[in-house]
Novice: 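Once you've had a glance at the structure underneath, I'll fire off some questions.
Naming: A, B, ... by sequence-line order, numbering from 1 per chain.
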Number of protein chains: 2
Amino acid sequence: MSDLGERLRARGKRLTTQRERVLAAVGRLGHGTPDEIAASVASDGAGALPVSTVYRSLDALQELGLVGHTHVDHRTPSYHLAEHATHLHLVCRGCGWVGEMPLDAADELVARVDDELGFAADVSHAAVHGLCRTCREDS
Amino acid sequence: MSDLGERLRARGKRLTTQRERVLAAVGRLGHGTPDEIAASVASDGAGALPVSTVYRSLDALQELGLVGHTHVDHRTPSYHLAEHATHLHLVCRGCGWVGEMPLDAADELVARVDDELGFAADVSHAAVHGLCRTCREDS
DNA sequence: TTGAATGCAAAAAATTTGCATATTG
DNA sequence: CAATATGCAAATTTTTTGCATTCAA
């Protein structure tokens with residue numbers, strides 16, 4: 001992970017254990033709100049971190065492009081590793097299930113938005129809501 | 001607007017001036033956070049409403065399918081008329097500009113998600129982030 | 001009349017900020 | 001050593017809740 005260090009340094013930022021722990025927690029969780037991430041960090045055996053540090057670390061990691069976030073629920077942001085952002089997110093309104101779909105599923109959409117509006121869409125940031133197979137059948 | 005009244009009654013809910021005013025404010029704004037909606041309501045000449053009423057009205061109208069919301073910024077939800085949800089939303093990360101695109105631009109995406117995961121996507125709830133033409137050129 | 005909705009104020013969440021101190025580079 | 005980050009606590013901001021009162025049906 002000296003890669004992390006270099007990316008940080010390249011931007012005049014520093015590598016701290018806190019940032020490493022936050023990044024690791026995001027990786028462990030897959031998806032998590034700042035709150036859940038703080039809890040996960042707290043359970044990694046090295047003690048809890050103040051929430052403010054978690055927020056600031058997430059900001060830094062995000063600025064670096066290492067993590068991204070989407071709005072899985074309609075309240076708090078949910079962070080994930082950037083490498084994880086090779087998918088767009090599907091969120092079930094019924095049960096909260098979170099699924100993924102390769103980004104190329106949105107190619108047509110991205111192309112149209114570009115053609116018609118000159119807008120450069122970053123679909124990996126999108127959470128598409130709807131109903132998963134199970135909830136769909138139940139209703 | 002007796003239509004609104006009937007839809008409410010059909011669900012055991014009631015038509016109140018507060019709900020009408022909130023709905024009107026959403027229509028006026030196009031897009032708005034609860035806060036902005038409260039401000040817009042307050043300026044309609046009939047006095048301000050407590051925020052709690054605004055929140056509860058938005059919930060009721062949403063439950064009724066008259067308004068929907070997306071996460072335009074990464075903090076607060078932005079509500080819009082349901083009829084407005086014939087578009088998906090594009091949000092510029094640079095300047096906050098909010099654009100629209102007809103839903104059919106996402107047809108392919110919706111179809112793939114359905115085929116592969118059985119997920120019924122409601123794209124009108126999605127906000128796709130990216131860079132608008134202007135911000136794109138600036139960077 | 002009667003249950004649903006409001007108004008108000010207080011409680012809960014969620015996020016940010018100031019600043020002295022500790023750390024990285 | 002200098003600049004960046006942390007820790008901690010307090011301040012904001014955003015949303016929810018309890019409850020007596022009002023109002024639509």
Novice: In chain order, what residues pass the salt bridge (charged side-chain N to carboxylate O under 4.0 Å, His left out) check against A/Asp44, with sequence neighbours excluded?
Specialist: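 Applying salt bridge (charged side-chain N to carboxylate O under 4.0 Å, His left out) to A/Asp44 gives A/Arg21.
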Novice: With sequence neighbours left out, what residues match A/Thr16 under side chain to side chain contact (heavy atoms under 4.5 Å, CB included)?
Specialist: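 For A/Thr16 the side chain to side chain contact (heavy atoms under 4.5 Å, CB included) partners, ignoring immediate neighbours, are A/Gln18, A/Arg19.
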Novice: By side chain to side chain contact (heavy atoms under 4.5 Å, CB included), which residues pair with A/Ala105, not counting sequence neighbours?
Specialist: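 Side chain to side chain contact (heavy atoms under 4.5 Å, CB included) check on A/Ala105 returns A/Met101, B/Leu109, B/Arg112.
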Novice: With respect to the phosphate group of D/dT16, does any side-chain polar atom (N or O) of B/Tyr55 fall under 4.0 Å of OP1 or OP2?
Specialist: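 No, because none of the side-chain N or O atoms of B/Tyr55 sits under 4.0 Å from OP1 or OP2 of D/dT16.
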Novice: My understanding is that only residues two or more places apart in sequence, or in another chain, count here; which of them pass salt bridge (charged side-chain N to carboxylate O under 4.0 Å, His left out) with A/Glu63?
Specialist: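 Here the qualifying residues are A/Lys13.
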Novice: Applying side chain to side chain contact (heavy atoms under 4.5 Å, CB included), name anything that partners A/Ser40, two or more places apart in sequence or on another chain.
Specialist: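 With sequence neighbours excluded, A/Ser40 shows a side chain to side chain contact (heavy atoms under 4.5 Å, CB included) to A/Ala25, A/Arg28, A/Leu29, given in chain and number order.
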Novice: For B/Asp59, which residues count as a salt bridge (charged side-chain N to carboxylate O under 4.0 Å, His left out) partner, sequence neighbours excluded?
Specialist: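 With sequence neighbours excluded, B/Asp59 shows a salt bridge (charged side-chain N to carboxylate O under 4.0 Å, His left out) to no residue whatsoever.
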Novice: Just by protein heavy atoms under 4.0 Å, how would nucleotides 20-25 of chain C read 5' to 3' in B, S and -?
Specialist: ---BBS
Novice: Whole-Å distance between C/dA14 C1' and A/His69 NE2?
Specialist: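 Going from A/His69 (NE2) to C/dA14 (C1'), I get 14 Å.
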Novice: Has B/Gln18 got a side-chain N or O lying under 4.0 Å from the OP1 or OP2 atom of D/dC23?
Specialist: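 So the side-chain polar atoms of B/Gln18 never come under 4.0 Å of the phosphate oxygens OP1 or OP2 of D/dC23.
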Novice: For A/Arg56, give me all partners under salt bridge (charged side-chain N to carboxylate O under 4.0 Å, His left out), at least two apart in sequence or on another chain.
Specialist: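 If we apply the salt bridge (charged side-chain N to carboxylate O under 4.0 Å, His left out) test to A/Arg56, skipping adjacent residues, there are no hits.
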Novice: Any ring pair (Phe, Tyr, Trp, His ring centres under 6.0 Å) pairs touching residues 90-119 of chain A, not counting sequence neighbours?
Specialist: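 Sorted result for residues 90-119 of chain A: A/Trp97-B/Phe119, A/Phe119-B/Trp97.
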Novice: Using the C1' atoms of five pairs at each end, what's the angle between the two axes of the helix from C/dT1-D/dA25 to C/dG25-D/dC1, to 10 degrees?
Specialist: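 Inter-axis angle at the termini of the helix from C/dT1-D/dA25 to C/dG25-D/dC1: 50°.
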Novice: Looking for any heavy atom pair under 4.0 Å, which part of the strands does A/Arg19 touch: base, sugar-phosphate only, or nothing?
Specialist: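 The residue A/Arg19 makes sugar-phosphate contact but no base contact.
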Novice: Side chain to side chain donor-acceptor pair (under 3.5 Å) with A/Glu108: which residues, sequence neighbours excluded?
Specialist: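 Testing A/Glu108 for side chain to side chain donor-acceptor pair (under 3.5 Å), a comparison that skips the adjacent residues, returns none.
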Novice: Using heavy atoms and a sub-4.0 Å distance, could you list which residues of residues 39-53 of chain B are near DNA chain D? By number, please.
Specialist: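 Under 4.0 Å from DNA chain D: B/Ser52.
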